[in-house]
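Written out below as structure tokens is the structure these notes cover.
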Amino acid sequence: MLKRKIEKEVRDIVNALWENEIKDFDFKGFKVEIPDERFGEFSTNIAMLLARPLKIKPLEIAKKIVHNLNEKDDLFENIEIAGPGFINFSLKKDVYIESLKNILRLKKEYGRKKPLGKKVQLEFVSANPTGPLTVGHGRQAIIGDVLSKVFKEEGYEVTTEYYFNDAGRQMDLLAQSLWVRYNQFFEKNLDIPEDGYHGDYLKELAKGLASKFKRDYVGKWNEEIKEIFKEMAKDSMFKIIKSTLRRLGVQFDVYFNEKSLLEDGTVDEVINLLKSKNLVYEKDGALWFKVSEFVDEDDKVLIRSNGIPTYFMTDIAYHYNKFKRKFDRVYDIWGADHHGHIPRMKAAMKALGIPDDFFNVILHQFVTLKKEGKEVKMSTRKGEFVTLDELIDSVGVDATRYFFAMIDPNTHMIFDMDLAVSKSNENPVYYVQYAYARIKSLFRKAVEKGITYKEEENLEFLCTIPQEKLLIRDLDLFDEILEDTLRDLAPNKLTNYAEKLVAKFHNYYTDNIILDIENKELSNARLNLCKGMEIILSRVFDILGISKPEKM
RNA sequence: GCGCCCGUAGCUCAAUAGGAGAGAGCAUCGGAUUUCUAAUCCGAGGGUUGGGGGUUCGAGUCCCUCCGGGCGCGCCA
């Protein structure tokens with residue numbers, strides 16, 4: 001990593017120059033950055049940071065550092081001081097060529113870290129099987145899927161998990177709603193309960209049941225029949241959900257049923273633990289957890305007066321279960337509507353003696369759909385929503401995935417479907433993929449033109465123009481982008497990177513002839529650079545889960 | 001009322017854990033293919049980063065305050 005190399009050089013010089021004066025200086029805020037192109041290839045802010053502790057003007061400090069760095073003539077081509085005290089660097093072409101060589105050798109391993117021996121779990125989507133996945137679930141699925149892949153790249157052992165509840169009131173309502181639809185099929189005039197599920201998807205299912213059961217359950221409703229309809233509903237809903245996820249290329253290692261926490265005694269175990277620590281009490285016939293002992297929030301009910309545990313209760317048990325499964329950290333991906341749940345959960349974790357950094361939440365803001373210029377108000381119950389499947393039908397898997405990945409999870413996202421459908425060719429995903437297709441095409445064309453690709457040969461012909469240096473510099477950056485993505489838990493770092501990288505490539509392609517029969521050495525050198533680009537793009541696309549088109 | 005998130009070009013979004021004239025795409029206008037894919041490239045217009053204070057050598061980014069929007073504040077999940 002080139003940045004690291006420069007960072008080390010600068011740090012060593014600074015330490016050598018002012019060893020005694022900067023004992024307390026922690027280098028916090030010290031950075032080697034990619035500056036605006038007019039300032040060179042790399043830049044650092046060290047001189048400004050040292051001004052205060054050293055009580056010397058930044059420009060003086062910079063001068064001194066530069067003077068000493070200049071001795072390092074195997075790395076730096078040029079060093080300049082500019083503005084308030086920035087030190088700007090450009091590197092020797094050999095440094096870049098070595099960097100490209102490294103990428104060419106490592107190929108798909110480039111940027112992949114050695115196993116850390118750390119286990120993390122990402123839990124997301126976790127929709128109960130009451131209907132098809134919505135666009136909001138899609139956003140969550142993609143954020144989770146991409147981040148889980150980045151965790152793997154960074155050396156973590158990753159488990160992806162889908163948590164669901166197929167008991168409870170929601171499922172009862174679903175069963176009843178389905179039964180009504182079934183009855184309606186035989187023109188039995190019944191209405192779906194107001195808080196039931198009104199979506200058309202139950203009609204489809206009811207049709208199937210009608211031909212299977214004939215009139216057996218028409219007008220008849222009891223516990224037994226409810227269970228039958230519930231099972232039917234659950235199975236077919238999961239079938240739909242899983243097929244949507246499969247389409248999107250999102251896979252879960254574990255589907256975890258909330259019910260198991262009651263069955264295997266985890267819930268009881270947690271209650272007993274809390275009781276033993278004197279952190280629960282009874283009031284109004286219910287069992288309460290002393291949330292207020294830990295955070296500035298009201299106490300919450302764990303067991304309702306009717307004896308049924310609350311969602312909060314089972315969620316604590318679930319996370320206790322996760323902890324017992326020896327994950328070092330877990331990440332829950334939640335919609336913004338659940339943010340109020342976070343302090344309570346943190347309190348519970350603390351109460352159970354689970355380390356602070358174990359439980360983490362990645363919150364994402366809502367997705368608003370715009371269709372025919374109007375906002376679509378979405379409600380699962382009323383069946384007023386555009387399903388994730390419908391979205392995929394409209395814009396395709398690549399665009400769906402890319403679009404969700406490209407926006408900061410913390411930003412409200414407005415998805416204009418009309419634009420996505422009618423202008424699908426202008427979607428950024430095509431811009432990025434086109435670069436890949438162009439490279440593929442170049443290698444096909446090279447064969448036609450009789451230019452034989454020889455890897456790692458003729459590289460000395462590269463980097464005679466600034467564009468090539470900058471391209472390699474940016475390829476070299478991939479490693480760090482992965483780290484940044486994980487640090488910020490923001491998949492959009494990757495799409496940003498891809499777009500900037502590809503923009504440079506499109507420019508390079510336009511300005512230069514890659515395949516020149518008159519100059520086969522240069523052509524081969526440039527093909528090597530293209531190969532490096534292909535390797536990095538391939539890495540990025542695999543993580544984003546978008547396809548790698550040979551031609552477009 | 002209290003809490004969390006957000007407010008950046010006409011629209012959708014970026015902006016490298018505070019860094020140097022705030023950038024893309026779409027939309028508008030004007031250019032570039034006898035040569036490797038024009039799903040590309042080049043150029044123009046478009047901004048007091050919601051307003052106002054503060055911290056800092058430096059603020060879209062941090063702090064305070066006001067305005068506007070989203071979401072929470074259940075013995076729902």
Side-chain angles (χ1 to χ4, degrees), chain A residues 3 28-29 31 33-36 38-39 43-45 47-49 51-52 57-58 82-86 88 126 128 165 168-170 258 283-288 296-298 300-306 308-312 314-315 335-343 363-366 368 370 403 406-408 410-416 419 423-431 433-435 437-446 448-449 451 477 480-481 484 487-488 492-493 495-497 499-500 502-503 505-507 509-516 523 526 530 549 551-552:
Chain A
K3 254 190 182 180
K28 192 170 182 263
K31 278 190 293 188
E33 300 181 286
I34 305 299
D36 188 295
R38 74 205 130 105
F39 295 126
S43 117
T44 183
N45 60 350
M48 274 106 74
L49 295 177
R52 188 178 287 244
K57 286 182 181 161
F86 288 102
N88 299 323
S126 296
N128 289 336
N165 176 15
R169 204 175 106 80
Q170 304 300 334
E258 181 185 323
K283 195 180 86 179
D284 305 329
L287 190 71
W288 297 69
D296 188 21
E297 296 271 327
D298 293 338
K300 300 291 293 181
V301 169
L302 294 179
I303 310 288
R304 290 184 272 242
S305 51
N306 63 7
I308 297 172
T310 58
Y311 158 82
F312 181 43
T314 46
D315 214 22
D337 54 338
H338 284 68
H339 77 262
H341 191 53
I342 298 172
L363 222 53
H364 69 88
Q365 300 301 316
F366 281 14
T368 308
K370 243 164 97 180
F403 210 97
M406 74 186 280
I407 285 158
D408 185 329
N410 226 0
T411 302
H412 291 258
M413 176 176 178
I414 296 173
F415 203 119
D416 189 332
L419 193 73
K423 306 278 183 190
S424 61
N425 273 4
E426 271 114 39
N427 193 301
V429 71
Y430 294 96
Y431 180 74
Q433 285 176 323
Y434 187 53
R438 268 187 156 172
I439 292 167
K440 285 297 188 182
S441 166
L442 280 170
F443 279 94
R444 287 192 298 267
K445 202 75 184 181
E448 276 176 41
K449 287 193 174 189
I451 297 170
L477 225 51
E480 184 185 325
I481 298 297
D484 291 350
R487 183 197 62 213
D488 297 339
N492 59 308
K493 299 270 172 199
T495 55
N496 273 201
Y497 169 69
E499 280 166 46
K500 279 185 186 159
V502 158
F505 178 76
H506 283 313
N507 267 295
Y509 181 95
T510 306
D511 294 348
N512 302 283
I513 306 286
I514 312 290
L515 303 173
D516 182 1
S523 297
R526 289 184 166 167
C530 290
K551 52 180 79 167
M552 287 173 78

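Labels below follow one simple rule: chain letters A, B, ... track the order of the sequence lines, proteins then strands, and each chain is numbered from 1.
- In this structure, the CG atom of A:Asp408 is 11 Å from the P atom of B:U16, given to the nearest Å.
- For A:Ser305 against B:C75, a side-chain-to-base donor-acceptor contact under 3.5 Å is present.
- The side chain of A:Tyr497 contributes no N or O atom lying less than 4.0 Å from OP1 or OP2 of B:A15.
- The shortest distance between the side-chain N/O atoms of A:Lys440 and the OP1/OP2 oxygens of B:C36 is not below 4.0 Å.
- Counting only N and O atoms by type, the side chains of A:Glu258 and A:Thr314 include a donor and acceptor under 3.5 Å apart.
- Applying the 4.0 Å criterion to OP1 and OP2 of B:A14, one finds that A:Thr411 has a side-chain N or O inside that range.
- For the OP1/OP2 pair of B:C36 and a distance below 4.0 Å, the side-chain nitrogens and oxygens of A:Arg444 include no atom meeting the criterion.
- Side-chain proximity of A:Tyr430 to the nucleotides B:A39, B:U40, B:A14 is greatest for B:A39.
- Nucleotides B:C26 and B:G43 have their P atoms positioned 15 Å apart, rounded to a whole Å.
- In the interface, the side chain of A:Ser43 is paired with the base of B:A20 through a donor and an acceptor atom under 3.5 Å apart.
- Close to B:U16, at under 4.0 Å from its OP1 or OP2, lies no side-chain N or O of A:Arg487.
- With B:C75, B:A14, B:C71 as the candidates, the nucleotide lying closest to the side chain of A:Ala286 is B:C75.
- Side-chain nitrogen and oxygen atoms of A:Asn496 include none within less than 4.0 Å of the OP1 or OP2 phosphate oxygen of B:A24.
- Annotation for A:Asp296: atom CG does not count as buried by contact number, only 12 or fewer foreign heavy atoms lying within 6.0 Å.
- Stem analysis of RNA chain B (at least three stacked-register Watson-Crick or G-U pairs, each with both distances under 3.5 Å) gives B:1-7 with B:67-73, B:10-13 with B:23-26, B:28-32 with B:40-44, B:50-54 with B:62-66.
- Atom-to-atom, CZ of A:Phe505 to P of B:A38 comes out at 11 Å; the value is rounded to the nearest Å.
- Going from the C1' atom of B:U61 to that of B:C36 covers 43 Å, rounded to whole Å.
- Under the 30°/60° scheme for interplanar angles, the aromatic rings of A:Phe403 and A:Phe415 are found to be tilted.
- Checked by distance alone, A:Asp296 brings no side-chain donor or acceptor within 3.5 Å of a matching partner on the base of B:G3.
- At whole-Å resolution of the value, OH in A:Tyr431 and C1' in B:C41 are 9 Å apart.
- For A:Arg438 and B:C36, the CZ to P distance is 11 Å, given to the nearest whole Å.
- To the nearest whole angstrom, the two C1' atoms, one in B:U8 and one in B:G23, are 10 Å apart.
- If you check B:C5, B:G19, B:C75 against the side chain of A:Asn45, the one that comes closest is B:G19.
- Of the candidates B:U12, B:C57, B:C6, B:U12 carries the atom nearest the A:Ile414 side chain, counting heavy atoms from C-beta on.
- The interatomic distance linking A:Lys31 (NZ) with B:U61 (P) rounds to 15 Å, in whole Å.
- Close to B:U16, at under 4.0 Å from its OP1 or OP2, lies no side-chain N or O of A:Lys493.
- When the nucleotides B:U16, B:A77, B:C71 are ranked by their closest atom to the side chain of A:Phe366, B:C71 comes out on top.
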Report task. I would like to know whether A:Gln433 and A:Met552 meet side-chain contact (heavy atoms from CB on, under 4.5 Å); could you show each step before the answer? Result -> CA-CA 8 Å; A:Gln433 285 176 323; A:Met552 287 173 78; 3.9 Å; yes
| request: Before giving the answer on ring pair (Phe, Tyr, Trp, His ring centres under 6.0 Å), spell out for A:Phe86 and A:Phe39 the whole-Å C-alpha distance, their side-chain angles and the decisive distance to 0.1 Å. | output: CA-CA 9 Å; A:Phe86 288 102; A:Phe39 295 126; 7.5 Å; no
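- Few gaps surround NZ on A:Lys3; more than 12 heavy atoms of other groups in view lie less than 6.0 Å from it.
- In this structure, the nucleotide among B:C41, B:A77, B:G19 sitting nearest to the side chain of A:Leu49 is B:G19.
- Comparing atom distances between the A:Asp284 side chain and each of B:C36, B:C75, B:A20 picks out B:C75 as nearest.
- Summarising the geometry, the separation between CG on A:Leu442 and P on B:U35 is reported as 15 Å, rounded to the nearest angstrom.
- The base of B:G3 lies close enough to the side chain of A:His339 for a donor and an acceptor atom to sit less than 3.5 Å apart.
- Residue-to-nucleotide contacts include a donor-acceptor pair under 3.5 Å from the side chain of A:Asn88 to the base of B:A20.
- Distance CD1 (A:Ile514) to P (B:C41): 14 Å, rounded to an integer number of Å.
- Using the six-membered ring where Trp is involved, A:Tyr311 and A:His338 have ring planes that are perpendicular, over 60° apart on the 30 and 60° scheme.
- Across all their heavy atoms, A:Tyr431 and A:Glu499 have their closest contact at CE2-O, 4.0 Å.
- Taking atom P on both B:A39 and B:G25, the two are 16 Å apart, rounded to the nearest angstrom.
- Side-chain atoms of A:Asn410 lie closest to B:C6 of the nucleotides B:A38, B:U40, B:C6.
- Regarding A:Asp36, its CG atom lies at a distance of 13 Å from the C1' atom of B:U16, rounded to whole Å.
- When the shell of 6.0 Å around CZ of A:Arg52 is examined, it contains 12 or fewer heavy atoms from other residues, nucleotides or ligands.
- Here the side chain of A:Ile34 is nearest to one of B:U16, B:G69, B:A20, namely B:U16.
- You'll find that the side chain of A:Met413 is closest to B:C13, out of B:C13, B:A77, B:C36.
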